[in-house]
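For the single chain, residues carry numbers from 1 onward in sequence order.
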Amino acid sequence: MSENLEQSFVAQLQANQNIIHKICRLYTDNEDAHKDLFQEITIQLWKAYPKFRGESKFSTWTYRVALNTAITLYRKTKRTISTVDYESHQHFVRDVDYNYEEEEQIKLMYKAVYQLNDIEKALVFMYLEDKDYQEIAETLGISEVNARVKMNRIKGKLKKILNP
């Protein structure tokens, strides 16, 4: 791959890595699993980057690849992750410390969200990231109306979970 392509990817990934960290937090419950998933998402983004045409924002494309990777890996009770030599690609992204000590309210919300199915988790995540329904629908591959209906149902589910 060309050096320009690599530099472009690294810059885009650096600017959008918090998206990946948040998705990792949503689908994992410990630091090791978080790091493994972050690495796998990064690898999948790198593999797919040459096909990124820029028809959507890089962040939208990152959401799609990251969510699909997380859902695919963590849907299975027994998961195996095929790895690639990451050492030779470590220069891509500087490691940023991720703070696992969150407020009690956020912990309760995550606990409630963990009880949702994979697609519901993805929808809630994007909603909380202030993505509009059009972008949510495009990322998840559903209609905008379907995204709105699903979100309303999820809100009801979360209310029941948080206020039994």
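Rounding to the nearest 0.5 Å places CG of Asn68 at 10.0 Å from CD of Gln44. With rounding to the nearest 0.5 Å, the separation of OG1 in Thr62 from CG in Asn18 is 12.0 Å. A distance of 9.5 Å separates CG in Leu45 from CG in Asn16, rounded to the nearest 0.5 Å. Summarising the geometry, atom CD belonging to Glu144 is positioned 5.0 Å from atom CZ belonging to Arg148; distances are rounded to the nearest 0.5 Å. The distance from atom CZ of Phe125 to atom OG1 of Thr139, rounded to the nearest 0.5 Å, is 10.5 Å. For the atom pair Leu123 CG and Lys155 NZ, the distance stands at 10.0 Å (nearest 0.5 Å).
A parallel orientation is assigned to the rings of Phe52 and Tyr49, their planes being inclined by less than 30° (bins at 30° and 60°). Between Phe9 and Phe58, the two ring planes are perpendicular [angle over 60°; tilted spans 30° to 60°].
Under the 4.5 Å side-chain heavy-atom criterion for ILVMFWY residues, no single connected hydrophobic cluster contains both Val124 and Val149. Under the 4.5 Å side-chain heavy-atom criterion for grouping Ile, Leu, Val, Met, Phe, Trp and Tyr, Leu128 is connected to Ile154 within one hydrophobic cluster.
Checked against salt bridge (Lys or Arg N to Asp or Glu O under 4.0 Å), Arg153 has no partners two or more places apart in sequence or in another chain.
At distances below 3.5 Å, not a single donor-acceptor pair connects side-chain atoms of Asn146 with backbone N or O atoms of Ile142. At distances below 3.5 Å, at least one donor-acceptor pair connects side-chain atoms of Asn30 with backbone N or O atoms of Ala33. Under a 3.5 Å cut-off, the side chain of Tyr27 and the backbone N or O of Asp118 do form a donor-acceptor pair. Judged by distance alone, with hydrogens and angles left aside, the side-chain atoms of Thr60 form no donor-acceptor pair with the main-chain N or O of Ser56 at under 3.5 Å.
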Practice problem: Determine, stepwise, if the pair Phe38 / Gln17 fulfils side-chain contact (heavy atoms from CB on, under 4.5 Å). | Solution: CA-CA 9 Å; Phe38 186 90; Gln17 70 177 316; 3.9 Å; yes

Practice problem: Report the C-alpha distance between Val113 and Ile161 in whole Å, list the side-chain angles of each, state the deciding distance to 0.1 Å, and finish with yes or no for side-chain contact (heavy atoms from CB on, under 4.5 Å). | Solution: CA-CA 9 Å; Val113 171; Ile161 292 169; over 6 Å; no

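Glu6 has its side chain within reach of Trp46: a pair of non-hydrogen atoms, C-beta onward, lies under 4.5 Å apart. Considering only heavy atoms from C-beta on, Leu116 comes within 4.5 Å of Leu158 through its side chain. Inter-residue side-chain proximity for Gln115 and Lys157 is flagged as unmet; no heavy-atom pair is nearer than 4.5 Å. Contact of the Leu26 side chain with the Tyr114 side chain is not registered, since no non-hydrogen atoms from C-beta on lie closer than 4.5 Å. A 4.5 Å side-chain heavy-atom check between Leu67 and Met126 finds at least one atom pair inside the cut-off. Residues Thr69 and Ile43 form no side-chain contact, since every pair of their non-hydrogen atoms from C-beta on lies 4.5 Å or further apart. The shortest side-chain heavy-atom distance between Asn4 and Gln7 falls under the 4.5 Å cut-off. Residues His34 and Asp29 have side chains not in contact (no heavy-atom distance under 4.5 Å, counting atoms from C-beta outward).
The pair Lys131-Glu129 does not meet the salt-bridge criterion, since no charged nitrogen lies less than 4.0 angstrom from a carboxylate oxygen. Ion pair Lys150/Glu120 not flagged as a salt bridge, since none of the NZ, NE, NH1 or NH2 atoms sits closer than 4.0 Å to an Asp/Glu carboxylate oxygen.
Closest approach of Ala70 to Ile23, counting heavy atoms only: CB-CG2, 3.9 Å.
The 12-atom threshold is not exceeded at NZ of Lys159, counting heavy atoms of other residues, nucleotides or ligands nearer than 6.0 Å.
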